[in-house]
*Asks:* 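Below is one structure. I have some questions about it.
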Amino acid sequence: MKKTVLTIISLTIFFIAFSQSDNNQVTQGSIVYEEVMKLNIQLDNMTPEIEAMLPKESRASKKLYFNRHASRYQNIQESEDNTIENESDGGMVKIMVSQAEDIIFRNLKDNEIVEQKEFMSRVFLIESEQSEQQWKITGNQKTILDYPCQEATMENEKGSVTVWFTPAIPVSSGPGEYGNLPGMILAVESHEGDRTVIAKSIELGTIDAKYLEEPKKGKKVSHEKYLAIVEEKSKEMGIEGGGSGKVVTMTISR
């Protein structure tokens with residue numbers, strides 16, 4: 001009981017401290033995140049040399065643009081090169097991990113979400129209502145980039161999800177599919193710890209409207225239809241978790 005009371009008091013203090021959000025322009029800006037995904041690539045007849053070359057994780061930088069009414073999460077064009085080349089036994093092995101050009105747009109006012117997703121060279125446009133995420137605020141606190149944060153957890157079909165959000169930026173959004181909390185999400189841990197997202201820089205201030213445009217490119221499908229397409233094509237290729245947004249291409253030249 002004491003823990004619950006302390007959590008409520010703590011959140012109240014944060015909200016009071018930043019109640020003048022419009023004057024301080026803390027309800028609009030941009031955040032750069034780093035996404036890290038652990039990789040477990042399994043290949044038939046894999047030699048120890050090739051196994052040693054395979055990347056163990058993939059890193060990508062993404063940016064969230066936001067204001068009180070909308071947010072847009074997308075790749076940063078200057079992403080790092082995840083290509084590995086190695087010469088062995090007179091041949092060349094080239095392994096490339098690339099990031100799909102996905103965009104997640106949220107209409108925070110109307111609680112709607114539009115996702116532009118790339119899968120196997122095809123682009124899809126998925127429109128839906130923002131699903132209700134059942135968060136449990138734990139009362140734990142820490143600081144990220146000098147912003148006081150609260151911990152929240154949730155269980156979903158992917159397992160447990162832990163996030164850290166800051167009421168100091170009173171916008172109910174965050175990286176990827178996560179939001180619906182009384183503040184901006186600055187860190188995420190999901191997929192049993194195999195995927196982490198952490199804010200690396202925050203810039204508050206007026207955002208040009210062009211950075212918050214709703215994506216229009218792609219074939220319109222429902223969320224259920226998109227998942228069915230991903231599952232079907234992944235099974236055809238013998239790939240598990242085809243909708244992860246990572247593409248691994250291996251080229252062997254002799």
*Asks:* More than 12 foreign heavy atoms under 6.0 Å from CG of Asp208: is that the case here?
*Replies:*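 Yes - once you tally the heavy atoms of other residues, nucleotides and ligands closer than 6.0 Å, there are more than 12.
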*Asks:* Determine whether a donor-acceptor pair (N or O, by modelled atom type, separation under 3.5 Å) exists between the side chain of Ser173 and the backbone of Gly179.
*Replies:* no
*Asks:* Return the orientation label for the Tyr65 and Tyr211 ring planes: parallel under 30°, perpendicular over 60°, tilted otherwise.
*Replies:* parallel
*Asks:* Given side chains that start at C-beta, do those of Tyr73 and Ile103 come closer than 4.5 Å, heavy atoms only?
*Replies:* no
*Asks:* When you look at Glu151 and Asn140, which way does the side-chain hydrogen bond (donor to acceptor under 3.5 Å, both in side chains) test go after all the steps?
*Replies:* CA-CA 5 Å; Glu151 183 186 48; Asn140 295 329; 2.6 Å; yes
*Asks:* Does any part of the side chain of Trp164, heavy atoms only, come nearer than 4.5 Å to the side chain of Lys142, both counted from C-beta?
*Replies:*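 Yes, side chains in contact.
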*Asks:* How close do Glu213 and Lys210 get, counting heavy atoms only, and between which atoms?
*Replies:*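 Looking at all heavy atoms of both residues, the closest pair is CG-O, 3.4 Å.
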*Asks:* Which atoms form the tightest heavy-atom contact between Phe165 and Ile137, and what is the distance?
*Replies:* CZ-CD1, 4.0 Å
*Asks:* For Val123 and Gln116, which heavy atoms make the closest approach, and how far apart are they?
*Replies:*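 Scanning both residues, the minimum pair turns out to be CG1-CG, 3.8 Å.
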*Asks:* Between Asp102 (side chain only) and Glu118 (backbone N and O only), is there a donor and an acceptor less than 3.5 Å apart?
*Replies:*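 Here the side-chain-to-backbone pair exists.
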*Asks:* Please enumerate all residues that pass side chain to side chain contact (heavy atoms under 4.5 Å, CB included) together with Glu112, with sequence neighbours excluded.
*Replies:*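 In terms of side chain to side chain contact (heavy atoms under 4.5 Å, CB included), with neighbours along the sequence ignored, Glu112 is linked to Asn107, Asp110.
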*Asks:* Does any pair with a residue in residues 172-196 pass ring pair (Phe, Tyr, Trp, His ring centres under 6.0 Å), and if so which ones, sequence neighbours excluded?
*Replies:* none
*Asks:* Does a salt bridge link Glu35 with Arg195, judged by any charged N lying under 4.0 Å from a carboxylate O?
*Replies:* yes
*Asks:* So which atom in Val114 and which in Pro215 form the shortest heavy-atom distance, rounded to 0.1 Å?
*Replies:*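 The answer is CG1-CG, 3.9 Å.
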*Asks:* Are Leu108 and Val171 packed together at the side-chain level, in the sense that at least one heavy-atom pair is separated by less than 4.5 angstrom?
*Replies:*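 They are in contact (side-chain heavy atoms under 4.5 Å apart), so the answer is yes.
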*Asks:* Output the distance between atom CE (Met184) and atom CG (Leu204), rounded to the nearest 0.5 Å.
*Replies:*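 Here the rounded value is 9.0 Å.
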*Asks:* Specify the closest pair of heavy atoms between Ile126 and Lys117, including all atoms of both residues, with the distance to one decimal.
*Replies:* CD1-CD, 3.9 Å
*Asks:* Taking Arg72 for its side chain and Phe66 for its backbone only, find out whether a donor-acceptor pair lies under 3.5 Å.
*Replies:*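 Judged by distance alone, no pair lies under 3.5 Å.
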*Asks:* Would you check if the side chain of Ser222 reaches a backbone N or O of Lys225 as a donor-acceptor pair within less than 3.5 Å?
*Replies:* yes
*Asks:* Report yes or no: does Ser172 contribute a side-chain atom to a donor-acceptor pair with the main-chain N or O of Asn180 at less than 3.5 Å?
*Replies:*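 Answer holds: yes.
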*Asks:* How long is the straight-line distance from CZ of Phe105 back to NZ of Lys216, given to the nearest 0.5 Å?
*Replies:*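 Reported value, rounded in 0.5 Å steps: 8.5 Å.
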*Asks:* Looking only at non-hydrogen atoms, find the nearest pair between Ile144 and Ala199 and report the distance.
*Replies:*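 Minimum heavy-atom contact is CG2-O, 4.5 Å.
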*Asks:* Output yes when a side-chain donor or acceptor of Glu127 lies under 3.5 Å from a complementary backbone atom of His223, and no otherwise.
*Replies:* no
*Asks:* Could you tell me if the side chain of Ile198 sits less than 4.5 Å from the side chain of Val188, heavy atoms only?
*Replies:*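 Side chain of Val188 against side chain of Ile198, heavy atoms only: no contact under 4.5 Å found.
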*Asks:* So, does Ser30 use its side chain to make a donor-acceptor pair with the main chain of Leu64 at under 3.5 Å?
*Replies:*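 It does not hold such a pair.
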